[in-house]
Chemist: 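What follows is a structure written as C-alpha cells; I'll ask about it next.
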Amino acid sequence: MLSSFSALSVRGRGAARLAAATLVSGLVVVSAMATAGSAAADEIPQSQGGATATIGGLKTSGLAVVHDDGEDRQVPAGLFEMSVDNGGTLQTYCVDIDHPTQMAAKYQETPWSGTSLSGNPDAGRIRWILQNSYPQVNDLSALAERAGASGLTEEDAAAGTQVAIWRYSDGVDVDAVNPKAEKLADYLHKSARNVTEPEASLTLGPSAVSGRAGELLGPVTVHTNADSVRVTPPADATSGVKVVDKDGRDITSAVDGSRLFFDVPEDAADGSAALTVQASTTVPVGRAFASENRSQTQILAGSSESTVSATATANWAEEGAIPALSAEKNCAKGAVDITAANAGDEPFTFELMGAEHTIEAGTSQTVTIPLQEDQAYDFTIRGPNGYEKRFKGVLDCQTQSSAGGETTQTLSEPSPATVGGTSTGGTDLAETGSSSATPVIAEIGIALLVIGATALLLVHKKKPTRD
C-alpha cells in the first residue's frame, strides 16, 4: 500500500510582499528553510551498489562563460573532489550545469539510465573526453601539444575539459575564459568519439530474492571489476541463515560472476535477511554519480583505490505470497521501475499511486511508477508476515536544456502540481551555475530588516519624550 510521499518546497515572493508580512511569519519561513537543509542531509539514497561518496567542492578550476539568449554569465569550471565512504577519493566533472552543487551532498554511483545522461546520444563522447584529457592524461605538455595550447596549466586543463563536457552533456553554448583552456575545449569537442558506458564497480543482481524455508534462495550474481569481494552474511546469527554456493558450501569471498545463495533452515520462522559484499577497487572512468538531494549530477574522471559495496535481501515464508521487491530509476520513461517477484503459492497484491497491482504466484513483473521531474518519492510496500520494503529518492533526470528550455526548479520557484507529491529543494552551494537559495535568503533578510526598522519607528513614535 502507499505509505507516504515526502517533498518540500518554498515559494519565492518579492521583497515588497515580504515587507508587508509579520515578523512571526518571516521567522517561520527561515525555520522551514533550515529544516529543508537538515532533512536533505538525513536522506538515505536508494543504492544499487558501488561507491558512495561526499562531495567536497571544486579543487582545480578556471572560469567559463555561458552564452544564453544574448546574455553572458560567468561560472567556475573544473574538477571536483569526493571522499568515498570507508576510504578512497574520486575526481569528477559536472554534467548538469544549471543545477547548483549542494555542500557536502552525498552521492551514489549510478547507471546512466538513472541520470540526465539517459537518452543522450553524446554520452559516449563525454566518456571519450574523460579518457583523453586531464586528469587521465596528466602529461600536460603532451596534452597541450595535441590541442595546440602551449603552456597549459592544471587549471586550464580542468576548465577546458569541463567546457567540452558541458557542450555534450547540457547542449549549452559555453566557452572557457582562458584562451589555452578554450583551445583544449575545442580540440576535445571536435575529436570526441562515442564509446560505451562503463560497467559498475560492484553490483548484485537481482538485489532481492524470495522463496520457502529449507531451500536455497537465489542466485544473486556478483558483478564487479574488483579482483575479489568480501561476503558478509546476515547479521542475525540466531536465524541460522548462511550465504553459500550452489553446492551449499559457505562463502566468505567471491569474484565477478560468482552466484550466491541464501541457505535458510527448514525450521526457520517466516522472515527476511540481507547479505553485503564489499571490495577495494578503482571505480571506472565515466561512471555517473547522482545525489538524492538535487545536487548537480557528476561523472567520474579519476579514482583512487576506493571502497565499494552492495546489498541483497531475501524473504521467505512457509506458504502464501512471498514477495521480493527492488526499484530502479528509469529516466527514459520519467519514472521509477519497481520489480516485484512472487515465489509463493498465492497472488501478491499491493496498491501504489492509487492503482492496484497483482503479481501471480511464481511470476515476476515490473511496475512503472511515473513521476514529475524533481519529484520526491517516499513509499512503503507491505506484504504478508510483516514484510515491507521502502523506496525513497528524487527523480532527477533532466538538465535545463534537456527539459526543453524550461527553467530549473529551485527553492525560489513555485512547485508544479503532482500526483501524490511535489518538487523538492535544498540548501545549495553554487560551485557551478547559480545558487537557488540565495535570492530567497536575500529577500527574507531584506524583509526582516524592513520589518525591524518599522517596528523600531513605531516604538519610537509611541515613546514619550523627556523634553
Chemist: Measure across Y134 and A158 and return the closest heavy-atom pair with its distance rounded to 0.1 Å.
Modeler: CD2-N, 4.0 Å
Chemist: Do the side chains of E292 and K329 get close enough for a salt bridge, i.e. N-O under 4.0 angstrom?
Modeler: yes
Chemist: Looking at every non-hydrogen atom in both residues, tell me the closest pair between T89 and S304 and how far apart they are.
Modeler: N-OG, 2.8 Å
Chemist: Take a 6.0 Å sphere around CD of E318 and say whether it holds more than 12 heavy atoms from other residues, nucleotides or ligands.
Modeler: no
Chemist: If we ignore hydrogens and angles and just use 3.5 Å, is the side chain of Q131 paired with the main-chain N or O of Q136 as donor and acceptor?
Modeler: no
Chemist: Would you say the side chain of S191 lies within less than 4.5 Å of the side chain of W128, judging by non-hydrogen atoms?
Modeler: yes
Chemist: State, yes or no, whether a side-chain contact exists between E319 and D345 at a heavy-atom distance under 4.5 Å.
Modeler: yes
Chemist: Check R167 with D122, please: is the shortest side-chain N to carboxylate O separation under 4.0 Å?
Modeler: no
Chemist: Any non-hydrogen side-chain atom of E328 less than 4.5 Å from a side-chain atom of S113?
Modeler: yes
Chemist: Quick one: does F262's side chain get under 4.5 Å of T313's, heavy atoms only?
Modeler: no
Chemist: I need the single residue from T276, V277, T221, V209 that forms a side-chain contact (heavy atoms from CB on, under 4.5 Å) with L204. Which is it?
Modeler: V277
Chemist: Using 0.5 Å steps for rounding, measure from the OG atom of S61 to the OH atom of Y93.
Modeler: 10.5 Å
Chemist: So D396 and E373, do their side chains get closer than 4.5 Å, heavy atoms only?
Modeler: yes
Chemist: What heavy-atom pair brings A77 and Q162 nearest, and what distance separates the two atoms?
Modeler: CB-CG, 3.9 Å
Chemist: Does the E154 side chain pair with the main chain of T60, one donor and one acceptor, at a distance under 3.5 Å?
Modeler: no
Chemist: May I ask you to decide if G49's main-chain N or O and Q108's side chain share a donor-acceptor pair within less than 3.5 Å?
Modeler: yes
Chemist: If we ignore hydrogens and angles and just use 3.5 Å, is the side chain of S306 paired with the main-chain N or O of G88 as donor and acceptor?
Modeler: no
Chemist: Checking E305 against T282 for the side chain to side chain contact (heavy atoms under 4.5 Å, CB included) test, could you report, in this order, the C-alpha distance in whole Å, the side-chain angles of both residues, the deciding distance, and whether it holds?
Modeler: CA-CA 5 Å; E305 195 79 3; T282 56; 3.8 Å; yes
Chemist: Hey, could you give me the CZ/OG1 distance between F289 and T297, rounded to the nearest 0.5 Å?
Modeler: 12.0 Å
Chemist: Okay, side chain of N86, backbone of T307: is any donor-acceptor separation there less than 3.5 Å?
Modeler: no
Chemist: Testing the basics here: between L300 and V283, what is the closest heavy-atom pair and its distance to 0.1 Å?
Modeler: CD2-O, 3.1 Å
Chemist: Do T349 and T358 meet the criterion of a side-chain donor-acceptor pair at a distance under 3.5 Å?
Modeler: yes
Chemist: Between the side chain of R125 and the main-chain N/O of A192, is any donor-acceptor distance below 3.5 Å?
Modeler: yes
Chemist: For R230 and Q278, run side chain to side chain contact (heavy atoms under 4.5 Å, CB included): C-alpha distance rounded to whole Å, both residues' side-chain angles, the deciding distance at 0.1 Å, then the answer.
Modeler: CA-CA 5 Å; R230 299 181 298 279; Q278 190 176 78; 2.7 Å; yes
Chemist: Is the side chain of E81 donor-acceptor paired with the backbone N or O of G56 at a distance under 3.5 Å, no angle test?
Modeler: no
Chemist: Please assess R193 against N132 for the test side chain to side chain contact (heavy atoms under 4.5 Å, CB included), listing each intermediate value before the final yes or no.
Modeler: CA-CA 11 Å; R193 301 290 182 268; N132 291 274; over 6 Å; no
Chemist: Would you compute the distance between atom CG of D96 and atom CG of D170 and round it to the nearest 0.5 angstrom?
Modeler: 6.0 Å
Chemist: Under a 4.5 Å cut-off applied to non-hydrogen side-chain atoms, are V222 and V231 in contact?
Modeler: no
Chemist: Is it true that atom CD of E199 has more than 12 heavy atoms of other residues, nucleotides or ligands lying nearer than 6.0 Å?
Modeler: no
Chemist: Whether D68 and R73 form a salt bridge (side-chain N of Lys/Arg under 4.0 Å from carboxylate O of Asp/Glu) is what I want to check.
Modeler: no
Chemist: Of all heavy-atom pairs between V285 and P198, which one has the smallest distance, and what is that distance?
Modeler: O-CG, 3.5 Å
Chemist: Check whether Y387 reaches the backbone of I322 with its side chain - one donor and one acceptor, N or O, closer than 3.5 Å.
Modeler: no
Chemist: Would you mind reporting whether I55 and M82 have side-chain heavy atoms less than 4.5 Å apart?
Modeler: yes
Chemist: Can you tell me if T281 and N225 form a side-chain donor-acceptor pair at under 3.5 Å?
Modeler: yes
Chemist: Show, in sequence, the C-alpha distance, side-chain angles and deciding distance for I251 and D245, and conclude whether the side chain to side chain contact (heavy atoms under 4.5 Å, CB included) test is met.
Modeler: CA-CA 7 Å; I251 289 182; D245 63 14; 3.5 Å; yes
Chemist: With rounding to the nearest 0.5 angstrom, report the NZ to CG distance, K242 to D250.
Modeler: 4.5 Å
Chemist: Regarding S295 and Y107, do their side chains bring together a donor and an acceptor under 3.5 Å, going by distance alone?
Modeler: yes
Chemist: Quick check for you: to the nearest 0.5 Å, what is the distance between L188 atom CG and I165 atom CD1?
Modeler: 8.5 Å
Chemist: Over all heavy atoms of both residues, which pair between F391 and S326 is shortest? Give the atoms and the distance, please.
Modeler: CE2-C, 3.9 Å
Chemist: Cut-off 3.5 Å, side chains only: do E109 and S201 have a donor facing an acceptor?
Modeler: yes
Chemist: Around D247, counting heavy atoms of other residues, nucleotides and ligands shown, do more than 12 lie under 6.0 Å from its CG?
Modeler: yes
Chemist: How many angstroms lie between CD in Q372 and CG in L395, if you round to the nearest 0.5 Å?
Modeler: 10.0 Å
Chemist: Measuring only between side-chain heavy atoms, which start at C-beta, is T115 closer than 4.5 Å to V95?
Modeler: no
Chemist: Under the 3.5 angstrom rule, does the side chain of Q91 hit a backbone N or O of P135 as a donor-acceptor pair?
Modeler: no
Chemist: Counting only N and O atoms by type, is there a donor-acceptor contact under 3.5 Å from the side chain of N315 to the main-chain atoms of P323?
Modeler: yes
